[in-house]
> 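I have a structure I would like to understand better, so I am pasting it below and will then ask my questions one at a time.
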Amino acid sequence: MPQVYIGRCRSYEQAGVDAAIRQAVAALGGIERFVQPGQRIMLKPNLLLLKGPETAICTHPAIVQAVAAMVREAGAVPLIADSSGGGTSHNPRSLRSLYRISGMEQAAAASGAELNMDCEGLEVPCPEGGLVKMLDVMRPATQVDAIINLPKLKTHGLLRYTGAVKNLFGLVPGRVKLGYHTKLQDAARFSEMLLDIVLWARPALTIMDAIVGMDGDGPSAGRPKEMGLILAGEDCTALDLAALDIIGMDPATVPTMRAALSRGLTSGRAADLEILGERLGDVRVPDFDAPSHGSFDVTLIPPGIRRWLTNQFVARPHASGRCTGCGVCAENCPVGAISVENRRARMDLGHCIRCYCCHELCPQHAVELKRPPLVKLITRA
Ligand code: SF4
Ligand code: SF4
């Protein structure tokens with residue numbers, strides 16, 4: 001029975017976070033179970049955008065600092081590293097801005113962690129992969145002894161939810177991610193690939209920042225949601241299952257969970273988890289909002305009419321009046337479906353594959369996901 005620890009932590013005040021993380025790791029058997037003296041340990045937060053901790057987009061630096069300090073005390077060297085797709089990890093200069101704005105620079109200084117400056121990627125075999133047998137990963141991930149996964153609990157446009165499993169997509173270098181979106185256009189196949197990354201990375205430990213998560217239109221344009229929780233465990237799928245139970249999202253509606261279920265990696269039932277710390281029934285967040293545009297698995301549509309029906313049924317990206325014409329979405333659209341005209345992004349819906357990278361990466365939160373008129377008519381919403 002996979003173990004998941006759930007602990008309360010009401011704010012990001014450092015002493016409280018330190019105590020909560022220590023309690024979590026102790027409940028799971030102590031840091032020496034996961035980290036050996038002399039090892040190099042990658043700490044993998046979610047550093048999606050150049051945004052500060054108050055936006056709840058990135059893993060909070062207090063969490064990273066607390067974990068890094070424990071890794072140092074265990075005699076190992078912590079390395080903070082992520083490679084987001086939005087142009088923030090392409091070169092040491094952009095990385096320095098990312099670390100400064102996200103608070104990682106301060107977390108590293110306070111804990112003695114190193115900040116990764118290596119932007120290169122490598123192709124590595126993934127023999128256990130169910131879908132992907134060769135993976136592109138950031139080079140530092142191949143040079144450490146273990147990875148500690150530090151996701152943020154948020155909603156997600158394509159996958160409805162992002163947590164332990166999805167956070168490891170950040171190991172794929174920056175814009176190499178676009179190729180994965182192009183090749184694996186539907187959420188089901190994309191989720192299979194994410195599980196392959198988990199199998200390759202095998203994080204020693206995952207500690208999830210759910211002190212303030214994000215609901216609504218995450219992972220960047222949603223609403224910071226105070227939850228006051230830290231989740232921890234070794235099994236990414238189990239951790240996500242517990243998180244979904246807490247936020248009241250049916251695992252059957254989450255593509256990564258459906259993929260894990262079909263591979264036999266989870267039963268899909270939170271009752272099958274061994275919960276340590278707080279009980280699930282005591283920490284549920286009843287008013288956690290799912291993404292407003294709903295979800296629809298395009299693989300359920302016959303291939304011959306998929307494009308037409310996708311346009312009728314699947315939420316469409318649209319640049320709102322907040323658009324500044326910066327072009328980040330156009331640079332990151334995997335199929336080149338975005339142009340910027342008169343300082344406003346235009347999405348070519350005939351070519352759009354509904355990956356929602358534009359929604360995820362827009363620094364102005366200007367990309368809205370609109371339900372097509374037919375869906376509005378059917379659902380009367
Ligand atoms: S939609 Fe967002 S990312 Fe795209 S051009 Fe407008 S502001 Fe920039
Ligand atoms: S327009 Fe947006 S949702 Fe459509 S393919 Fe491009 S990045 Fe993905």
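In each ligand, atom 1 is the first atom listed, and ligand 1 is the first ligand listed. We count residues from 1, following the sequence as given.
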> For ligand 1, which atoms have a heavy atom of T324 less than 4.0 angstrom away?
6 (Fe), 7 (S)
> What is the closest protein heavy atom to atom 4 (Fe) of ligand 2, and at what distance does it sit?
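Residue, atom and distance for the closest contact: C352 SG, 2.3 Å.
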> Considering non-hydrogen atoms of the protein only, which is the closest contact for atom 8 (Fe) of ligand 1, and what is the distance?
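For atom 8 (Fe) of ligand 1, the nearest protein heavy atom is C326 SG, 2.3 Å.
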> Return yes when atom CD of E73 has more than 12 non-hydrogen atoms of other residues, nucleotides or ligands closer than 6.0 Å, and no otherwise.
yes
> For C329, counting its heavy atoms only, list the atoms of ligand 1 lying under 4.0 Å from any of them.
1 (S), 3 (S), 4 (Fe), 5 (S)
> Of all the non-hydrogen atoms in the protein, which one sits nearest to atom 5 (S) of ligand 2, and at what distance?
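Here the nearest protein heavy atom works out to I353 N, 3.4 Å.
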> Record the part of N332 in heavy-atom contact with ligand 2 below 4.0 Å; permitted values are side chain, backbone, both and neither.
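It is neither part, as no heavy atom is under 4.0 Å.
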> I need the atoms of ligand 1 closer than 4.0 Å to a non-hydrogen atom of P363, numbered in the order shown.
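The atoms of ligand 1 under 4.0 Å from a heavy atom of P363 are 3 (S).
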> For ligand 2, which atoms sit closer than 4.0 Å to a heavy atom of Y356?
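This gives 3 (S), 8 (Fe) as the contact atoms.
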> Strictly under 2.8 Å, is any N, O or S atom of C357 next to atom 8 (Fe) of ligand 2?
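So C357 does not bind atom 8 (Fe) of ligand 2 by this criterion.
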> Given the rule in the side chain to side chain donor-acceptor pair (under 3.5 Å) test, do E341 and S339 qualify, once you have shown the distances and angles that lead to the verdict?
CA-CA 6 Å; E341 299 157 24; S339 56; 3.0 Å; yes
> Does K177 make a cation-pi contact with F169, if we ask for NZ or CZ under 6.0 Å from the ring centre and within 45° of the axis?
yes
> Where is the nearest protein heavy atom to atom 6 (Fe) of ligand 1: which residue, which atom, and how far?
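Closest protein heavy atom to atom 6 (Fe) of ligand 1: C323 SG, 2.3 Å.
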> Would K183 and R189 satisfy side chain to side chain contact (heavy atoms under 4.5 Å, CB included), going step by step from the backbone distance to the final call?
CA-CA 9 Å; K183 280 185 245 161; R189 279 165 61 79; 6.0 Å; no
> Could you grab the distance from atom CD of Q364 to atom CZ of R322, nearest 0.5 Å is fine?
9.0 Å
> Show the atoms of ligand 1 that are less than 4.0 angstrom away from any heavy atom in G325.
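So the answer, numbered in order with elements, is 5 (S), 6 (Fe).
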> Looking only at protein heavy atoms, identify the closest one to atom 2 (Fe) of ligand 1 and say how far it is in Å.
C362 SG, 2.3 Å
> With a 3.5 Å cut-off and no angle check, do the side chains of T237 and D240 form a donor-acceptor pair?
no
> Can you sort out which atoms of ligand 1 are near V367, meaning under 4.0 Å from one of its heavy atoms?
1 (S)
> Heavy-atom contacts with M347 under 4.0 Å: which atoms of ligand 2 show up? List them by number with element.
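Once the distances to M347 are compared, the set is 1 (S).
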> Under 6.0 Å from the CZ atom of R10, do we count more than 12 heavy atoms belonging to anything else shown?
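No, the 6.0 Å shell around CZ holds no more than 12 heavy atoms from other groups.
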> Pull out every atom of ligand 2 sitting under 4.0 Å from any heavy atom of V335, numbered as shown with elements.
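It comes down to these atoms of ligand 2: 5 (S).
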> Inspect the contact between R40 and D145 and indicate whether a charged nitrogen and a carboxylate oxygen are less than 4.0 angstrom apart.
no
> To the nearest 0.5 Å, what is the distance between CG (L244) and CZ (R160)?
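So the CG of L244 and the CZ of R160 are separated by 9.5 Å.
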> For ligand 2, indicate whether the residue I338 contacts it via side chain, backbone, both or neither (heavy-atom separation under 4.0 Å).
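Near ligand 2, I338 shows its side chain, while the N, CA, C and O stay back.
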> So, taking the atom named NZ in K152 and the one named CG in D209, what distance separates them when rounded to the nearest 0.5 Å?
3.5 Å
